[in-house]
Amino acid sequence: MSAVSGAAAGGAPLLAVAGLAKVYPTGKKALGGVDVVIDRPQLVAVIGSSGAGKSTFIRCINRLVEPTAGSVRLNGEEIVALDRKGLRAARRRIGMIFQEYNLVERLSVMQNVLSGRLGYTGLLASLRYRFPPEDIQAAFALLDRVGLDGYHNQRADALSGGQRQRVGIARALMQRPELLLLDEPTASLDPKTSRQIMRLVRELVAERQTPAIINIHDVALARAHADRIIGMKDGLIVFDAEASALTDAALTRIYGEEDWSTPQDEDDEAPAAPTVATAQVDALS
Amino acid sequence: MTAHQLPQDRAPMRRYPDHWERYSLRERVVHWIWLGGIALAAAWSVSALDIEWAFFADAHEQAADLIERMWPPRWSYLPRIVQPLIETLHIATLGTMIAIVFALPVAFLAARNTTYNQATWLLGRAMLVMSRSINTVIWGLLFVAIFGPGPVAGICAVAARSIGFIAKLVAEAIEEVDAGQIEAAESTGASTLQVYGVAILPQILPVLIGTSIYRWDINVRESSVLGFVGAGGIGLLLYASINQFAWSQAIVILIAILGIVIISEALSAYVRSRIV
Amino acid sequence: MTTAVTSYPSRWRAPSIFGSPGRRLAFWALVAAYLVWSLSTLNVDTARILAGLPRAWTILERMVPPDFSRWELLLTGMVESVQIAIAATIIGAVLSIPIGIAASANLSPRPLYLLARAFIVTGRTFHEVIIAIFFVKLFGFGPVAGLLTLAFSSAIFLGKMLAEDIENMKPGPVEAIRATGASFGQTFFYAVVPQVLVKTLGVLIYRLDSNLRHSTVIGIVGAGGIGQTLSASFSRYDFDFASAILLTIAAMVAFGEWFSDWARRRLR
């Protein structure tokens, strides 16, 4: 389905982030020069304490937050330098999934899923919900894939949290993205639903050969599902390796001193994370 | 709907529909009927007003001409309008004060739990509807006919309109009063008026004060035009200036009205935020 | 645990909203001083007021019974008022959309936002009758001036309410739709409109109701509608016809209020 055409661009990596920095107008330094290269479809978990810059990091990739310096290359194309129109075209290639699902609640599930195709549709056609038949077909197929077959005419505000997140995933996949960004997708869900959502994301990454970057608070969940883990602290990357290499020493580097050997209970209910960075994103920019 | 229920072994080539409509046919017909109805109402309204479209052709020139004649404002006129401006504020303030006095008994009549019987309730409701459905300016016409031109007619007009406004909101507050407190007061053997005073009045006082202050700032705006029908205030001078085509004078008055209305609105909002 | 006989105060006064008796006294003194000042500067002619009381009775007597014999004139005026109200609401609603977007801090650029807010504040300050008189000067006597007046003030009122709704909506869906690569127009229709539509329709119905009220008064400066008929009947001392008009206005306004309440309740 999704064409990972990136290899065509002279073997450029799928995503190459270099020296990415963000200083908010308030003077708060959220990102202090981040370098990440993703060269194959893998699930990359970004962990770190609240305010470490995780949310700013992924929002700087699709420029929902405008980075102050640095470069983001998606399959070789520089995103930071793009003008409005070019940025819109680039955003179509990046799917995003949010902690609070961010569905348009009064619209139906189908309308929400189809909104993933807005970047490819003209204003008038999208106002009349005239999407190409193959998009409609793809939307039905995706709803089936995420486990919401038959839900297309339900209103989004009638769904449970886990179901809403599935709609959010379907909306992002409608874009046939070359990269998925997930901002704390499980933080508002109960532990069981969180695992189901993570499993679904992992399966989709493998099926569609699409790399995904996922911000996550739950270290156990990240260890269980991610291929690679990036640890952030104070806007910098302090750990970047295979998930299996995440040792207690590494955790201490990321989160600070703590007894990591104490066995955690089954569901590892991480305390609800305050969404500091989300609050800083204004609806404008 | 949970993940383990996902059909993993479904047929590989399921056909999904490639057509989807947001609304059913019936819903779409209803939407079109609504839209058609609104369009018809608009067409009927505009066509029956027999609008002389030719007037629109030179409207922008007229407007430009008007602005040209307004500028520069004749600031020397300012001292002449100070007294009428004060009169305007007095009309609003005194009218509101009178309205508070009358609104309280009307509110008790119009609230189901404090009125005496069905007849008094109807009387209270009728007073509310009468007071509220007639605009302050029309009340002004009536009181000018009674008292002759001048601020007294204006004060009465403001009061007449405000009674209904204040009483309606206060009556709603009375109906929402905690019934337990009334029972408690009644069980001590208090008379009806004592019950009203002890158990109800303290509870509705914030509403009464808040509503009255809010109405006061509306009344400042209303009394700026009462002069148009001869009921006192700055409106008289504005009307006269416009009729004499003294536009540079009119703009001074407009700026003054802008000033007092904005100040009273800010004052009212500030006082209400302190009280409530 | 104290067993000693405590002496209780025998004087107690209910706490008042003023905080202390001194402030209460000061408040009433202020009210009294204001009354003296205002009544003295207003130079109220007591003799004329006293003369007015019997005249009020005469006028009341002549108002009853109301004279509905000229119902055709009454009906023409009322229909014109209703037409002005409906047309003004529709035109105002259309104009309010750009005003509302421009006046939302989260959608519009700062300079445009400030400009739109200043426009709203200025427009809202002036009473409909003042705006009407300007349109009468520009377009002559008649319903056109009334229509434009109410369309203008409706656009400002609806624009202000729309801007407040847009500012209070959830930013999340807007962010999500923008992240799909949607344009400004698409983001507006997919993320903003669904969030504000129901509330905006409610405000629109409310405004139709209040335009109905206002349309009865702008006729006083010659801007069409029943107000013109009413004003004329007062100046001709035609009090029985005036009372018929007043009753009709009251009935229509009451109906409008009922309709608006009913329609807004039906909106989910």
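Note that this is a predicted model, so its numbers are computed, not measured. Labels below follow one simple rule: chain letters A, B, ... track the order of the sequence lines, proteins then strands, and each chain is numbered from 1.
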Could you tell me which portion of L107(A) (side chain, backbone, both or neither) has an atom closer than 4.5 angstrom to a non-hydrogen atom of chain C?
side chain
Any residue of residues 110-120 of chain A which, by heavy atoms, sits under 4.5 Å from chain C:
Q111(A), S115(A), G116(A), L118(A), G119(A)
Electrostatic pair E175(C):R59(A) at N-O distance under 4.0 angstrom
yes
Only pairs of heavy atoms separated by less than 4.5 Å count here; which of K85(A), R92(A), R88(A) has the most with chain C?
R88(A)
Look at the aromatic rings of Y190(C) and F131(A) and report parallel, tilted or perpendicular, splitting at 30° and 60°.
perpendicular
Any idea which heavy atoms bring N102(A) and G172(C) closest together, and the distance?
ND2-O, 3.1 Å
Inspect the surroundings of OH in Y113(C) and state if more than 12 heavy atoms from other residues, nucleotides or ligands are less than 6.0 Å away.
yes
Distance col, row R171(A):CZ vs I177(C):CD1, nearest 0.5 angstrom, shows 5.0 Å
Closest heavy-atom contact between Q186(C) and T121(A)?
NE2-O, 2.7 Å
Output for pair (F188(C) CZ, L127(A) CG), nearest 0.5 Å, gives 10.5 Å
Which of S183(C), A191(C), G185(C) touches chain A most, by non-hydrogen pairs under 4.5 Å:
S183(C)
